Amino acid sequence: MRGSGVLLSLIGAFGLATIIGLASRVGRSVATRRGPVFLEAGGGRRGLPLLIAMPAEAAAGCPLLSTARIKSAASAASLGLNAAVVTFANAAQVDFALNWLHLVRRTSLGAAALIGATDDVAAAELATSGACFRLPSSVGPSEARWGSPGFAQMGRTKARLALTILEANVSLLFSDADVAIVGDPAFFLVAALRCGADLLFHTDGFGASADAVRGGLLESPAFGFGPELNTGFFLLTPAARQLAQEWDRAVAGDAAFANWKNDQQAFNALVRRGVGHASGAPGSLLRVHDGQLRLGLLPAHLFPSGHVFFIQRQNRALGVPPLAVHLTFQNCDQAGKRHRMREAGLWVVDPPVRYNPPGGLLSYSPDLPLELTRLFNASALPARNMRPTDRVVAAHFALINHQLVQLRTALALALALNRTLVLPRLLCGLETVTNFAHSGVRCRGARGCAMTLPYWCATTPHLRHRGCRHDPLRAPEPRPSHGPSDTPPRLRQC
């Protein structure tokens, strides 16, 4: 955190008097550092400069997408996957798209990667990436927050893009720009397609079944078909062309986005029409879309949601590196997602100066006394939504406030020393969900949920990062989250 922009943000959060005043302690220890620290996914020390915005004429390197280019990209995919690997971005998402591209190019699918630019600014900034194509869209250049008109246009753009790719008679591996491809999914996807799948989907599920974790190929439909299929990461083969046509038509009107509905719900309604029997056999496929297509469910430990990876931290507990992480279940929109990826070592497009700022760094180890941390137990929570009068709610706020006081003091010290403060991890007693009531654990009772309390939580619900001029500095985890792996996951036969 640095400068007046962050100071104003924290004044709004804590009040001017608390920012000016110094508390009696900062924590157990304080350290300063001036040496260079360049970080990337996997804990390396390499710095990558951001792509500098180019003039509008540079958009010549971002032509409209042709059938020939689609086929060329698909043929470059490894292991005979025959899929174009595609995302798209507007001006507000360019850094996400560049991060996505850099991670994909670490895998065997890099030559198949394409990025659609939905406006002039995005086209100019992505023109030299070698992957850009111009994508007609009404998303606009601003951040398309959930429920906004731009968000609805993103859904329409995605459905039309899926149809365009499938009409070239190749498969589409689509990924939202906020997906981190942290392993090479080609081996897994090819194996799943050889089992007969016509479409493969990551879901909003809260965990994988024990059989899938032990080495199954796909998730059992009986275990994993309940949560929504997430349209942020999926593979469609040409057999799904009719489904793509229906999806494109379904999201064309305003009714598809009324009352907080979205393209994902429209897609799920189509897929779940006429579903066949959900077999409990591991790795089995499910007949969907009036029985016309065979659906495979990607297991949540290899293709985790943001809840599974960041909040429950299941991959750390299982010791299994993921293949692709989707930044769902996060607070503060793009600012929160960007911060989450940085602290997990999955954001690789920062300039080196971010981790070696003028004046140096200041970090500290927070004080977390046992009397504040021992009061939480996920299995002992009441079987109802939390109430403001619950003792465990008061205990949660006592724990958070104790840490915010230390953060306030550290920020004042950093400002006085002209150093950049490195945010610590925060420990939360209850899960911080900001958009609906819950029982203290959002996934409680859901299949696969392995939430424990207290847990290491994001700073985004407490500091509101989107109000900061710059994203606060947060060093990656002491043991960085799993980075790219050359070893494919163990897979059982179909």
Side-chain angles (χ1 to χ4, degrees), residues 1 6-28 30 306-307 310-313 329-333 335-336 339-340 343 363-414 421-445 449-468 472 474:
M1 309 174 92
V6 173
L7 179 59
L8 289 174
S9 175
L10 286 178
I11 287 173
F14 304 138
L16 180 60
T18 57
I19 292 295
I20 296 175
L22 286 176
S24 60
R25 58 179 176 174
V26 177
R28 291 179 179 169
V30 175
H307 199 283
F310 292 103
I311 299 176
Q312 297 184 62
R313 299 161 68 89
F329 298 95
Q330 305 303 311
N331 292 293
C332 294
D333 303 307
H339 185 78
R340 270 301 213 182
E343 69 180 4
S363 64
Y364 69 98
S365 299
D367 172 60
L368 295 170
L370 183 60
E371 60 267 24
L372 291 179
T373 62
R374 66 184 178 186
L375 305 175
F376 307 99
N377 185 340
S379 62
L381 294 174
R384 55 167 173 76
N385 290 337
M386 290 282 99
R387 298 170 181 164
T389 54
D390 287 335
R391 292 182 62 186
V392 69
V393 173
H396 165 76
F397 278 104
L399 174 60
I400 293 298
N401 289 338
H402 180 72
Q403 295 171 83
L404 292 181
V405 166
Q406 298 172 63
L407 178 59
R408 175 198 64 195
T409 305
L411 175 62
L413 183 58
L421 176 63
V422 180
L423 286 182
R425 294 193 297 177
L426 292 183
L427 190 68
C428 286
L430 298 173
E431 187 174 347
T432 49
V433 180
T434 58
N435 57 344
F436 61 86
H438 64 99
S439 65
V441 170
R442 183 173 188 159
C443 63
R444 190 177 185 185
C449 178
M451 187 75 178
T452 59
L453 298 177
Y455 76 105
W456 295 112
C457 56
T459 58
T460 46
H462 312 289
L463 300 183
R464 293 299 179 191
H465 289 217
R466 63 178 172 227
C468 300
R474 167 79 165 86

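Computed from a predicted structure; not experimentally measured.
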Do Leu407 and Tyr364 make a side-chain contact, defined as non-hydrogen atoms from C-beta onward lying under 4.5 Å apart? yes
Considering only heavy atoms from C-beta outward, does the side chain of Gln330 approach that of Thr460 to under 4.5 Å? no
Using the test side chain to side chain donor-acceptor pair (under 3.5 Å), find all partners of Ser379 that sit at least two apart in sequence or belong to another chain. Asn377
Looking only at heavy atoms, what is the nearest atom pair of Ala378 and Val441, with distance? CB-CG2, 4.1 Å
Roughly how far, to the nearest 0.5 Å, is the CG atom of Leu421 from the CG atom of Leu413? 9.0 Å
Expected output: side-chain Gln406 to main-chain Pro366 donor-acceptor under 3.5 Å: no
Note, Gln403 side chain near Leu368 side chain (heavy atom, < 4.5 Å): yes
Do the side chain of Glu343 and the main chain of His339 share a donor and acceptor less than 3.5 angstrom apart? no
Quick one: are Ile400 and Cys428 in side-chain contact, heavy atoms under 4.5 Å? yes
Atom CD1 in Ile311, atom CZ in Phe329: separation rounded to 0.5 Å? 8.0 Å
Indicate yes or no: at least one non-hydrogen side-chain atom of Tyr455 is less than 4.5 angstrom from one of Arg313. no
Side chains of Val392 and Phe376: closer than 4.5 Å at any heavy-atom pair? yes
Backbone N/O of Ala335 and side chain of Arg340: donor-acceptor pair under 3.5 Å: no
Quick one: closest heavy-atom pair of Pro382 and Ser439, and the distance? O-CB, 4.0 Å
To the nearest 0.5 Å, how far apart are CG in Leu430 and NE2 in His438? 7.0 Å
Test of understanding: with salt bridge (charged side-chain N to carboxylate O under 4.0 Å, His left out), list the residues that count as partners of Arg374, not counting sequence neighbours. none
Supply the atom-to-atom distance Cys443 SG to Met451 CE, rounded to the nearest 0.5 angstrom. 6.5 Å
Can you tell if the side chain of His462 reaches within under 4.5 Å of the side chain of Asn331, non-hydrogen atoms only? no
Which of Asp390, Leu372, Leu375, Thr432 passes side-chain contact (heavy atoms from CB on, under 4.5 Å) with His396? Answer is Thr432
Return the minimal non-hydrogen interatomic distance between Ser363 and Val422, and the atom names on each side. CB-CB, 4.1 Å
Applying side chain to side chain contact (heavy atoms under 4.5 Å, CB included), can you list everything that pairs with Ala450, at least two apart in sequence or on another chain? Gln312, Gln314
To the nearest 0.5 angstrom, please state how far the SG atom of Cys457 sits from the CD atom of Glu431. 10.0 Å
Between Ala437 and Asn385, what is the shortest heavy-atom contact and its length? CB-ND2, 3.6 Å
Please give me the minimum heavy-atom distance between Leu381 and Arg444, naming the atom from each residue. O-NH2, 2.7 Å
